[in-house]
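Single-structure report; data block below.
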Amino acid sequence: MTQRQWFKLHGWCSLPIWILFCFICITGTIAVFSHELTWLFNENARAVNPENLPAKPIYELINIVESQFSTANVSMVLVLEPYLINAVIFSDENIPMGIAYVNQYTGEIQEVNQGITFISFMRSLHSWLLFPWQNGYSIGYYLVSAMSFVMIGALITGLVIYKKFWRAYTQPKIRVKQGKKSLLTDLHKHGGAWSIWFLILMSVTGLWYFTQQVLWHADIDIDEHPPLVQVADVPFGDRAQPPVSVEQALQIAEARFPDLRPSFVIMPEHNRDMFKIMGGGDFIFYDQSAYRLDINPWTGEIARTKSPGNMNSLQSIQHLVDPLHYGTIGGIWTKIIWFMFGLILSAMSITGFLIWGSRTMKASKAQRLAASQHMQNEGAH
Amino acid sequence: MARRENTFWNRNKFKLNGLLLILPFYFLYQALQPSPSPDVWDDRQVGPFKVALQPLNHDVPYSHHDDWVKDFSVHLREGEVADIRQGYVNIGETAMPLHELEQDDEGILHGTDVLQHVHAIAPQFFEVQHQVWLTIQTWDGDIHQAYWSLPDEWLE
């Protein structure tokens, strides 16, 4: 292929969808900081701890919500960052679905949110553009994850066009004073060269999201169906109550995995349902649900465990991808790096379009000039 | 290289994808303005409970793995959720026997004391002889059943 053909292919990989791509990059960049932005803009979401108190255990937070809302049914508890409140999800006679923002240090309920949270809004907007879900798939999720194909195409063709791209590391040079086009071209090339690792990471993780969507759509389970309490375990009698409390279930889980840091605790929804406890651990590359335990509330038995040690390949990929995509591996510092490169990537789609735009504008100006000169010459004759 | 003609299409073709971004705003508006739920069906006495079903929508059943299901809210007018050992909903000519229902959690009543939900086991297509069957087992082992006829609009 000639250089011109590679160049054309590079344009076709990104130009036709550049606004959409740019929007996805910007929303993803903001989503990286969704927890921090929530902390910044919503005082009620901050877990302020001036007296340096230890975090209260999850069951205590549930008790706090149940004591303040007499008919509350807690369905789930989410543990976020240490500087954010814990989210206790519940329903009540007057609250169909509420999220109690409980300060895990003071035990105070700082807000009851009954709408959309910024964190889930940003992540949904970035991941599936708010397209509705139907039978396990969202067209938006396909659209977003399919960007990985064009991103990898733009990267490969870009590297072919930009000969000796490593000079962007050894001799970086941005021509500021040689016109708009030189400046845009240099910014685009240098941004691309410095973002190679990031482009690869986003493309590969995006490809996984695409694959995951295909599997969901085809009803192929990555995780097997959650276990169900055997009917025989549910005793007959006078309005039996499961003897295992959420406190005991958490103790059982922590005894099984001593490094477990619970992030999601889901209560049984019926008498044959289990406590579902998910959390992160000492595996830094895995996400916050790398451990999962299903605990029988009638017997205290651990019906199923999942951990990085016993996952199959697809499950491992599923739990490795999010921290790599969102840059949460190393806490705030990696998030800052991901945020910066997210901005560079967004800017690259804009500079790429502006370069194309200035090229076509120039061509069309030249065409108009040639046409007017031709007409003048005709008139002179 | 062939000269590109200065047409509207050539000037704007790469901007058209931006129009897609109207959709997220439309979907957000739609999510914030949910369409009214279908009516709650008549109350039925099911043993010690008085129960009303409310379909989530009037759509046909949807596929969930190897089953077809249809979602309902279950309003317990009399009696308490804590008095139910297990409960199931299936749509068909007859109520499925409890020992069959117990094999899986498809069709099981779940949720909170405030509101119960169910992904009722359904046929792929509704027929006039189908009914919606609720089966509830209490702690003493007694089984209580009730049924509702399908709305005419589901059969059209």
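Predicted, not measured: the structure shown is a model, and the values here were computed from it. First the proteins, then the strands, lettered A, B, ... as listed; each starts at 1.
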Closest non-hydrogen atom pair between A:N135 and B:Y62, with its separation: OD1-CB, 3.1 Å
Pair A:F131 + B:F27: ring centers closer than 6.0 Å: yes
Does B:D66 have more than 12 heavy atoms from other residues, nucleotides or ligands lying within 6.0 Å of its CG? no
Select, from B:L23, B:L16, B:V81, B:I108, the one with the greatest count of heavy-atom pairs under 4.5 Å involving chain A. B:I108
Between the CG atom in B:D59 and the CD atom in A:Q134, the distance rounded to the nearest 0.5 Å is 10.5 Å
Pairs in or reaching into residues 32-52 of chain B: which pass side chain to side chain donor-acceptor pair (under 3.5 Å), with residues at least two apart or in two chains? B:D43-B:R77
By residue number, those in residues 18-28 of chain A with heavy atoms under 4.5 Å from heavy atoms of chain B are A:W18, A:I19, A:L20, A:F23
So, taking the atom named CG in B:D113 and the one named CG in A:N73, what distance separates them when rounded to the nearest 0.5 Å? 4.0 Å
Which residues in residues 140-156 of chain B have any heavy atom lying under 4.5 Å from a heavy atom of chain A? B:D140, B:G141
With chain B, the option among A:G237, A:P268, A:P235, A:S91 that has the most non-hydrogen atom pairs under 4.5 Å is A:G237
is_close_aromatic(A:F236, B:W139), centroid dist under 6.0 Å: no
The test is side chain to side chain contact (heavy atoms under 4.5 Å, CB included); show your working for B:R85 and A:V234 and say whether it passes. CA-CA 8 Å; B:R85 183 170 181 259; A:V234 185; 3.8 Å; yes
Would you call A:I116 and B:L28 a side-chain contact if the rule is heavy atoms closer than 4.5 Å? yes
Contact part of A:T71 toward chain B, heavy-atom cut-off under 4.5 Å: side chain, backbone, both or neither? backbone
Quick check: do B:H110 and A:D273 have side-chain heavy atoms less than 4.5 Å from each other? no
Considering all heavy atoms of both residues, which atom of A:D219 and which atom of B:H65 are nearest to each other, and what is their separation? OD2-N, 2.9 Å
Side chain from CB out, backbone as N, CA, C, O: work out which of these in A:F353 comes under 4.5 Å of a heavy atom of chain B, or both, or neither. side chain
Please round to the nearest 0.5 Å and tell me the distance separating atom CZ of A:R239 and atom CD1 of B:I84. 10.5 Å
Taking atom CZ of A:F149 as the centre, report whether more than 12 heavy atoms of other residues, nucleotides or ligands fall under 6.0 Å from it. yes
What part of A:W216 lies closer than 4.5 angstrom to a heavy atom of chain B: side chain, backbone, both or neither? neither
Can you see which heavy atom on B:P24 is nearest to which on A:L130, and at what distance? O-CD1, 3.6 Å
Just so I understand: if I count every heavy-atom pair under 4.5 Å between each of A:D238, A:L143, A:D92 and chain B, which residue has the most? A:D92
If I measure from the heavy atoms of chain B, does A:L125 come under 4.5 Å with its side chain, its backbone, both, or neither? side chain
Bottom line for B:L32: the part with an atom under 4.5 Å from chain A's heavy atoms is side chain
Heavy-atom pairs under 4.5 Å with chain B: which of A:Q241, A:E93, A:Q230, A:H225 has the most? A:H225
Does anything in residues 115-126 of chain B get under 4.5 Å of chain A by heavy atoms, and if so which residues? none
So, B:D105 and A:R272, do they make that salt bridge, N to O below 4.0 Å? no
Student check: side-chain heavy atoms of A:N271 and B:Q86 closer than 4.5 Å: no
How close do B:E102 and A:V231 get, heavy atom to heavy atom, and via which atoms? OE2-CG1, 3.5 Å
